[in-house]
Number of protein chains: 2
Amino acid sequence: MTKPATREQIIETADRLFYQQGFNHTSFSDIAAQLNISRGNFYYHFQTKDDILQSVIEARLEKTREMLKRWEEEASTPKARIKKYMQILNTNWDKIQYYGCPVGTLCTELAKLNHASLPEANRLFTLFRNWLREQFIQLGCEENADELAMQVLAWSQGVATLANAFADKKFAQQEVRKMCNWLDNYNK
Amino acid sequence: MTKPATREQIIETADRLFYQQGFNHTSFSDIAAQLNISRGNFYYHFQTKDDILQSVIEARLEKTREMLKRWEEEASTPKARIKKYMQILNTNWDKIQYYGCPVGTLCTELAKLNHASLPEANRLFTLFRNWLREQFIQLGCEENADELAMQVLAWSQGVATLANAFADKKFAQQEVRKMCNWLDNYNK
DNA sequence: AATTTGCTAGGACAATCGTCCTAATAAGTG
DNA sequence: CACTTATTAGGACGATTGTCCTAGCAAATT
């Protein structure tokens, strides 16, 4: 009994297209064309377009959790882990340059659409926020750990938005460097 | 010969709806319904929807230029002027809470749509960037004036994005306070 | 009053949207 | 093999999209 891969392929392709083109601007036809499947076939796997979005968000949440877990294995100190987050701007530059931050742009769009899945999408932010806060707590900043987490989060969002607008890689790299330096000198 | 106000009303309403709902998600019908005019009437004033967007961007550019000029009149020192910019997050909080930053969200959306007017929209960013840079130059930071301008710009974008996602007014206020303090202590 | 011009309402147009139905095929089970 | 289930293709559906045409009203000018 081989599990049908179609459903996963739809989620995968929808994930990519939602990121590249936005949720509202991506149609069933777009996804179907990429997968060479029939448009009418969607209904067997998903009831509505919103259901696809829901699955995409869940998939992103899961992938993010795995990534954060991987970072904890790869980096032994809290500072090194936080830097993993900051380095995303360099690691994923090719995509960020064209499409911005996957989390920020999705939440922004769903907010404007007044979409029912907005709270679910915002959980992506919360995931990073809690994880960063935990790292700052381990760093010995119990009192303002959440504030620092929000600061790092806001920093990355701002840089991603500007780097996207100006397509300025040097700016992004420079900001990452500055932020890492700030972290190195923080708390001694 | 009374100038026809319809064209200006269309721009005005489109401006507001593009901000609240996004460009792509706002239809001719939406704008027409708000103004109680016929949908077919648009063609007399604008050839295409993209033309409306173009006019909206131009209107925003003009309004921004006037605002920056007003700030220069109202604030006598460069630091006071830069603070005017930072305070926007508090001043326009009611809107930012729901719709984010008008500039950032528009540029992000047009980037995803691969829209021809994206460069025009990005000029809104450039307007603020150059103005902030000028203020930092007057502050005596000739060498890194542009870098500082980008930093302030990125900061505001990040805070706006997060404040929108978490609907957190206290966070926004706190960040404004921190940023103003940073500015006060900068360059002595 | 007659005529031109500025502006508008209403609807037609093809295309596309998300949704949903049905018939046909593929896969799995007895 | 027959039979049930899982999956798919293709297209119909009503609604909505941006665009565009035309007839008619309103206003200004002659």
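Please read these numbers as outputs of a predicted model, since none were measured by experiment. A, B, ... follow the sequence lines: proteins, then strands. Residue 1 opens every chain. Hydrogens, waters and symmetry mates are skipped; everything else that's a heavy atom, side chains included, is used.
With respect to A/Arg123 and A/Glu120, a salt bridge is recorded, a charged nitrogen being found less than 4.0 Å from a carboxylate O. Taking a cutoff of 4.0 Å between a charged side-chain nitrogen and a carboxylate oxygen, A/Asp184 and A/Lys79 do not qualify as a salt bridge. Ion pair A/Glu66/A/Lys63 not flagged as a salt bridge, since none of the NZ, NE, NH1 or NH2 atoms sits closer than 4.0 Å to an Asp/Glu carboxylate oxygen. A/Arg70 has no carboxylate O lying under 4.0 Å from a charged side-chain N of A/Glu73, or vice versa, which leaves the two without a salt bridge.
To the nearest angstrom, P of D/dA15 lies 19 Å from NZ of A/Lys49. Distance B/Phe28 CZ to D/dA15 P: 22 Å, rounded to the nearest Å. Atom CG of B/Leu35 and atom P of C/dC7 are 16 Å apart (whole Å). To the nearest angstrom, C1' of D/dT19 lies 14 Å from CD1 of B/Ile31. As a whole-Å value, the separation of A/Ile52 CD1 from C/dC17 C1' is 13 Å. In this structure, CZ of B/Arg7 is placed 12 Å from P of C/dT8, rounded to the nearest angstrom. Following rounding to the nearest Å, B/Phe46 (CZ) and C/dC7 (C1') show an atom-to-atom distance of 14 Å. Per the geometry, CG belonging to A/Asp50 stands 16 Å off C1' belonging to C/dC20, to the nearest Å.
The side chain of B/His45 places an N or O atom within less than 4.0 Å of a non-bridging phosphate oxygen (OP1 or OP2) of C/dT8. One finds a side-chain N or O of A/Ser27 lying less than 4.0 angstrom from the OP1 or OP2 phosphate oxygen of C/dC17. Within the structure, every side-chain polar atom (N or O) of B/Ser29 is placed at least 4.0 Å from both OP1 and OP2 of D/dT16. Under 4.0 angstrom from either OP1 or OP2 of C/dC7 there lies at least one side-chain N or O belonging to B/Tyr44. The phosphate of C/dT8 (OP1 or OP2) has a side-chain N or O of B/Thr6 nearer than 4.0 angstrom. Residue A/Ser38 places no side-chain N or O under 4.0 Å from the OP1 or OP2 atom of D/dG11.
A side-chain donor from one of B/Asp30 and B/Ser27 sits under 3.5 Å from a side-chain acceptor of the other.
Ring orientation note: the planes of B/Phe42 and B/Phe28 are nearly perpendicular, at an angle over 60° on the 30°/60° scale.
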All N/O contacts under 3.5 Å from nucleotides 20-26 of chain D to the protein, with atom names and distances to one decimal?
none

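Using a distance-only test at 3.5 Å, with no hydrogens or angles considered, a donor-acceptor pair links the side chain of A/Thr26 to the main chain of A/Leu17.
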